[in-house]
Amino acid sequence: MGITKRFIYFLERWVLPLATTMAKWRWLVALRDAFISVMPISIVGSLTVLIPGLINAAKAELGLGAITYALMPVVNISNLIYQGTFKLFSIYFALAWGYQLARSFEVNRLAGAITSLGCYLMSIANVVKLNLNGDEVSIKNAFNTSQLSSLGLFTSLIFGAAGLAIFILMTKARLTLRFSSYMPHAEEAAFIALIPMIISLSVIGAINYIFQMVTGTYFGNWLLTTIQNPLTKMGQGFGIVLLITFLLHAFYFFGINGMSVLVPVIDSIWLTPQNANLAAVKSGHAVRYLWTRNSFDIYSWIGGTGDTLVLILLILLISKRSDFRTLAKIAIGPGFFNINDPIVWGLPLVLNPVYLIPFILAPIANVTLAYWATAWHLVEPVSTSVPNVIPPFLNAFLATNYDWRAWALVALNMIVAILIWLPFVLAGERIAKEQEKRNLFSFEY
């Protein structure tokens with residue numbers, strides 16, 4: 001058995017069942033949809049950093065002080081938007097998480113969102129400590145906004161899930177109030193959700209109270225130090241970045257949307273570092289994390305998973321087959337916006353052993369180059385969120401807060417991907433020609 005066949009057998013035996021199970025698990029699907037729901041908040045928060053950064057650069061680099069002064073209201077408005085969006089990221093996530101879980105299990109969605117938010121807010125510290133003239137002052141019944149940012153993401157995720165599990169269980173058990181059908185729908189829905197919400201909030205509140213009495217700290221603070229921080233630190237390791245890249249493309253090879261399957265994992269581990277980098281840039285501090293959520297989009301899959309923009313360009317440049325070239329002409333437009341469905345399903349790449357190696361190897365090589373280039377400070381880490389449909393080069397420039405070296409890194413990644421894809425594109429063309437000759441319906445038969 002050849003190496004490629006053995007590799008495919010390994011993927012079919014171990015990877016495919018895992019992907020299939022994950023893709024069908026309601027909780028992971030709801031978590032994926034929750035992260036997608038709060039994507040606009042991340043993008044808006046990033047714009048509040050990019051726009052002031054561009055205005056400040058106009059003064060520092062080009063000496064356009066008058067323009068900068070005239071645009072100061074824009075900077076001030078951006079700061080207000082930042083306070084109302086990005087600084088409250090975990091609140092928005094708690095609402096989205098509860099809503100998507102309730103939708104998945106077909107219970108009251110608004111009540112689910114409110115329950116999730118309540119469970120989260122009960123689990124974080126409501127005491128703010130300030131340093132005034134060297135003296136530490138505690139203010140009770142107040143939230144530190146840092147807990148409401150992405151630092152509270154895991155607390156929101158865990159207690160939102162726990163609260164919704166109880167809420168869903170009580171609702172499905174019909175432990176609800178039932179009234180006449182003549183009652184207005186909004187009132188009826190509210191009363192139906194009342195008892196499940198009371199039980200859910202009471203249980204989570206009791207858990208937090210007992211934990212505070214026993215440990216002397218808030219559950220949210222404990223989660224931050226024992227789970228979220230170590231997991232975030234683990235995500236900065238090269239091995240886990242490489243593993244996620246491999247799994248995502250292995251899933252895609254079997255026709256399973258690897259992004260949909262792994263978004264809960266990717267966002268849970270790397271969205272917090274990205275948000276922390278964005279906050280650091282906003283406050284003028286050095287960024288802490290070298291690999292973030294958007295690092296994958298910018299460096300790992302150029303033009304879509306598998307670096308398919310490179311494949312499309314190679315087909316247009318060297319292929320002599322009219323059918324391949326026609327497909328590439330159709331796929332080139334979407335490919336520039338990182339949409340690769342035409343080439344993935346049209347060539348196809350799915351379940352095609354000819355293209356398996358470059359489809360997985362090219363992104364792995366790109367991740368390796370980008371990771372170590374960032375680790376060696378050859379390029380700024382990704383700090384802002386950009387939409388996935390922003391074309392290559394431009395997305396890297398924006399995501400690294402206008403670092404021109406990101407362009408060079410993307411160009412280097414494309415050159416490496418070309419070298420990996422080239423022999424397999426030539427081999428694929430030869431194989432297609434041989435198969436055409438053996439086709440009973442071919443004129444050459």
Side-chain angles (χ1 to χ4, degrees), residues 27 30-31 34 87-102 105 107-108 110-132 134-173 175-177 190 193-234 264 268-269 271-272 275-276 279:
W27 291 83
L31 183 57
K87 291 285 285 185
L88 306 176
F89 182 84
S90 289
I91 288 182
Y92 296 115
F93 177 79
L95 290 169
W97 179 216
Y99 179 91
Q100 296 295 348
L101 273 176
F105 287 90
V107 297
N108 190 315
L110 180 58
I114 295 171
T115 301
S116 174
L117 178 61
C119 293
Y120 161 58
L121 292 176
M122 281 190 292
S123 307
I124 59 177
N126 61 347
V127 176
V128 177
K129 294 183 178 180
L130 299 177
N131 194 312
L132 297 176
D135 297 326
E136 189 176 84
V137 179
S138 296
I139 302 175
K140 295 183 178 181
N141 301 319
F143 290 117
N144 188 332
T145 54
S146 65
Q147 298 178 108
L148 306 178
S149 66
S150 58
L151 289 178
L153 184 61
F154 265 81
T155 305
S156 174
L157 193 158
I158 291 174
F159 279 99
L164 257 293
I166 299 170
F167 179 84
I168 292 167
L169 183 62
M170 295 300 102
T171 303
K172 295 294 185 180
L175 193 59
T176 59
L177 296 175
L194 178 60
I195 293 180
M197 187 180 293
I198 290 174
I199 295 175
S200 175
L201 293 174
S202 299
V203 171
I204 298 301
I207 291 173
N208 278 280
Y209 175 78
I210 295 171
F211 187 87
Q212 291 173 27
M213 292 297 101
V214 172
T215 65
T217 186
Y218 288 87
F219 219 134
N221 293 345
W222 180 81
L223 287 174
L224 180 65
T225 56
T226 59
I227 296 181
Q228 182 167 342
N229 287 344
L231 193 60
T232 300
K233 185 177 180 180
M234 181 190 72
S268 297
I269 296 176
L271 192 59
T272 296
N275 291 346

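One finds the CG atom of L117 at 16.0 Å from the OH atom of Y99 (value rounded to the nearest 0.5 Å). From L95, atom CG reaches atom OG of S156 across 8.5 Å, with rounding to the nearest 0.5 Å. Rounding to the nearest 0.5 Å gives a distance of 5.5 Å between CG of L194 and CG of L177. From I158, atom CD1 reaches atom CG of L223 across 4.5 Å, with rounding to the nearest 0.5 Å. In this structure, CZ on F93 lies 11.5 Å from OG on S150, to the nearest 0.5 angstrom.
Considering all non-hydrogen atoms of both residues, G152 and Y120 come closest at O-CE1, 3.5 Å. When every heavy atom of I204 is checked against every heavy atom of A162, the shortest pair comes out as CD1-CB, 3.8 Å. The minimum heavy-atom distance between I269 and M234, with the atom names listed, is CD1-CE, 4.3 Å.
Contact of the T176 side chain with the P196 side chain is registered, since non-hydrogen atoms from C-beta on lie closer than 4.5 Å. By the 4.5 Å heavy-atom criterion applied to side chains, I124 and L148 are counted as neighbours. T155 has its side chain out of reach of L224: every pair of non-hydrogen atoms, C-beta onward, lies at least 4.5 Å apart. When side chains are defined from C-beta on, L101 does not count as touching F167, because their heavy atoms never get closer than 4.5 Å. The shortest distance between side-chain heavy atoms of C119 and L201 falls below 4.5 Å.
Residue-environment remark: NZ (K172) exceeds the threshold of 12 foreign heavy atoms within 6.0 Å.
Listed by first and then second residue, the side chain to side chain donor-acceptor pair (under 3.5 Å) pairs that reach into residues 199-222 are S123-N208, N126-Y218, sequence neighbours excluded.
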Residues F105, L164; criterion side-chain contact (heavy atoms from CB on, under 4.5 Å); working and verdict:
CA-CA 10 Å; F105 287 90; L164 257 293; over 6 Å; no
T171 and N108: side-chain contact (heavy atoms from CB on, under 4.5 Å), yes or no, with the steps? CA-CA 9 Å; T171 303; N108 190 315; over 6 Å; no
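Distance alone, capped at 3.5 Å, places no donor-acceptor pair between the S116 side chain and the G112 backbone. The backbone N or O of S149 lies less than 3.5 Å from a partner atom in the side chain of S90, making a donor-acceptor pair.
Outside the 6.0 Å centre-distance limit, the rings of W97 and F159 are not counted as a close aromatic pair.
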